[in-house]
**Student:** 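Before anything else, here's the structure in question.
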Amino acid sequence: QVQLAESGGGLVQAGGSLRLSCAASGRTFRSYAAGWFRQAPGKEREFVASISWTGGRTYYADSLKGRFTISRDNAKNTVTLQMSSLKPEDTAVYYCAAGRDYYSGYGYYAERNTYSYWGQGTQVTVSS
């Protein structure tokens, strides 16, 4: 069993940066792929970024490449999402997720159904 808790959300002006953290419990987390998804009001939850269990492979939504960076520290059971050059359209609740890592490609890591464990989410609001 894995439990996830996000932190680091808040209000930031457009062009600013935020760093989201996800703290995981359970020793199996370090063998799981991890991902970040977001959900804006009235919209479906969408893929943001993911990282393999080793940290050696990362995947990003095309629209976010170059602005967001995902990383993990398996010794500390944490996953981080560094967000920069934030835009008002980045406003959403951001969720951390973990799921079995089957060494597949982008489609697998970007799929919501890949992830069995989810955090409660943290609100990110970007003002214009």
Side-chain angles (χ1 to χ4, degrees):
Q1 192 78 359
V2 175
Q3 292 185 323
L4 305 171
E6 303 93 340
S7 62
L11 174 64
V12 63
Q13 288 189 332
S17 299
L18 274 178
R19 185 181 180 90
L20 304 184
S21 292
C22 175
S25 64
R27 269 187 279 178
T28 55
F29 174 75
R30 61 194 65 179
S31 66
Y32 277 59
W36 287 94
F37 288 74
R38 68 185 184 184
Q39 189 166 17
K43 295 188 177 181
E44 291 192 356
R45 193 170 298 189
E46 65 174 0
F47 171 70
V48 173
S50 63
I51 188 166
S52 63
W53 76 274
T54 64
R57 285 169 288 127
T58 57
Y59 302 89
Y60 297 93
D62 286 343
S63 61
L64 302 177
K65 284 181 182 177
R67 295 197 297 122
F68 288 18
T69 302
I70 189 171
S71 60
R72 70 188 298 164
D73 185 337
N74 284 342
K76 297 181 179 179
N77 269 11
T78 59
V79 178
T80 299
L81 184 69
Q82 179 68 48
M83 307 185 293
S84 60
S85 302
L86 284 163
K87 304 174 182 180
E89 51 264 43
D90 294 319
T91 295
V93 177
Y94 283 71
Y95 297 90
C96 177
R100 299 295 294 271
D101 195 334
Y102 288 114
Y103 302 93
S104 295
Y106 175 90
Y108 175 80
Y109 292 100
E111 170 58 49
R112 280 182 297 177
N113 291 334
T114 294
Y115 302 92
S116 303
Y117 304 102
W118 293 82
Q120 293 300 307
T122 185
Q123 176 70 46
V124 171
T125 302
V126 184
S127 64
S128 57

**Student:** Determine whether a donor-acceptor pair (N or O, by modelled atom type, separation under 3.5 Å) exists between the side chain of Thr91 and the backbone of Val126.
**Tutor:** yes
**Student:** For Trp53, does the CH2 atom have more than 12 heavy-atom neighbours from other residues, nucleotides or ligands under 6.0 Å away?
**Tutor:** no
**Student:** Atom OH of Tyr115 and atom OH of Tyr109: how far apart are they, to the nearest 0.5 Å?
**Tutor:** 8.0 Å
**Student:** Search all heavy atoms of Leu11 against all heavy atoms of Ser127 and return the closest pair with its distance.
**Tutor:** CD1-CB, 4.3 Å
**Student:** Going only through I, L, V, M, F, W and Y residues with side-chain contacts under 4.5 Å, is there a path from Val93 to Leu64?
**Tutor:** no
**Student:** So which heavy atom on Ala14 is nearest to which on Pro88, and how close?
**Tutor:** CB-CD, 4.1 Å
**Student:** Compare all side-chain heavy atoms of Met83 with those of Arg67 and state whether any distance is below 4.5 angstrom.
**Tutor:** no
**Student:** Rounded to the nearest 0.5 Å, how far apart are OG of Ser84 and CZ of Arg19?
**Tutor:** 11.5 Å
**Student:** Taking side chain as C-beta onward, heavy atoms only, is Ser21 less than 4.5 Å from Thr78?
**Tutor:** no
**Student:** At what distance, to the nearest 0.5 angstrom, does OG of Ser128 lie from CD of Gln13?
**Tutor:** 9.5 Å
**Student:** Between Phe29 and Arg72, is there a cation-pi geometry (under 6.0 Å to ring centre, at most 45° from the normal)?
**Tutor:** yes
**Student:** Do you know which two heavy atoms are closest between Ala34 and Val79, and how far apart they sit?
**Tutor:** CB-CG2, 3.6 Å
**Student:** So, using side chain to side chain contact (heavy atoms under 4.5 Å, CB included) as the criterion, who are the partners of Thr58 when residues are at least two apart?
**Tutor:** Ile51, Tyr60, Ile70
**Student:** Would a single hydrophobic cluster contain both Tyr102 and Tyr117, if residues Ile, Leu, Val, Met, Phe, Trp and Tyr are joined by side-chain heavy-atom contacts under 4.5 Å?
**Tutor:** no
**Student:** Taking atom CD of Gln3 as the centre, does the number of heavy atoms from other residues, nucleotides or ligands within less than 6.0 Å exceed 12?
**Tutor:** no
**Student:** Do Trp36 and Phe68 have side chains that get closer than 4.5 Å, going by heavy atoms?
**Tutor:** no
**Student:** Considering only heavy atoms from C-beta outward, does the side chain of Gln82 approach that of Ser17 to under 4.5 Å?
**Tutor:** yes
**Student:** Would you say Asp90 and Val124 make side-chain contact, with heavy atoms under 4.5 Å?
**Tutor:** no
**Student:** Quick check for you: to the nearest 0.5 Å, what is the distance between Asp73 atom CG and Arg30 atom CZ?
**Tutor:** 9.5 Å
**Student:** Kindly compute the distance separating OH (Tyr94) from SG (Cys22), expressed to the nearest 0.5 Å.
**Tutor:** 15.0 Å
**Student:** For Gly26, does its backbone N or O pair with a side-chain atom of Asn77 as donor and acceptor, under 3.5 Å?
**Tutor:** yes
**Student:** Among Arg38, Gln39, Arg112, which residue meets the side-chain hydrogen bond (donor to acceptor under 3.5 Å, both in side chains) test with Glu46?
**Tutor:** Arg38
**Student:** Write down the atom of Leu81, the atom of Ala49, and the distance for their closest heavy-atom approach.
**Tutor:** CD1-CB, 4.2 Å
**Student:** Which atom pair, heavy atoms only, marks the closest approach of Ala24 to Val2?
**Tutor:** CB-CG1, 4.5 Å
**Student:** Between Glu6 and Gly121 (side chain of the first, backbone of the second, donor and acceptor by atom type, cut-off under 3.5 Å), is there such a pair?
**Tutor:** yes
**Student:** Is it true that Tyr108 and Tyr59 have ring centroids separated by less than 6.0 Å?
**Tutor:** no
**Student:** Give a yes or no on whether Glu111 atom CD has more than 12 heavy-atom contacts from other residues, nucleotides or ligands under 6.0 Å away.
**Tutor:** yes
**Student:** Working to the nearest 0.5 angstrom, can you tell me the gap between Ser31 OG and Arg100 CZ?
**Tutor:** 6.5 Å
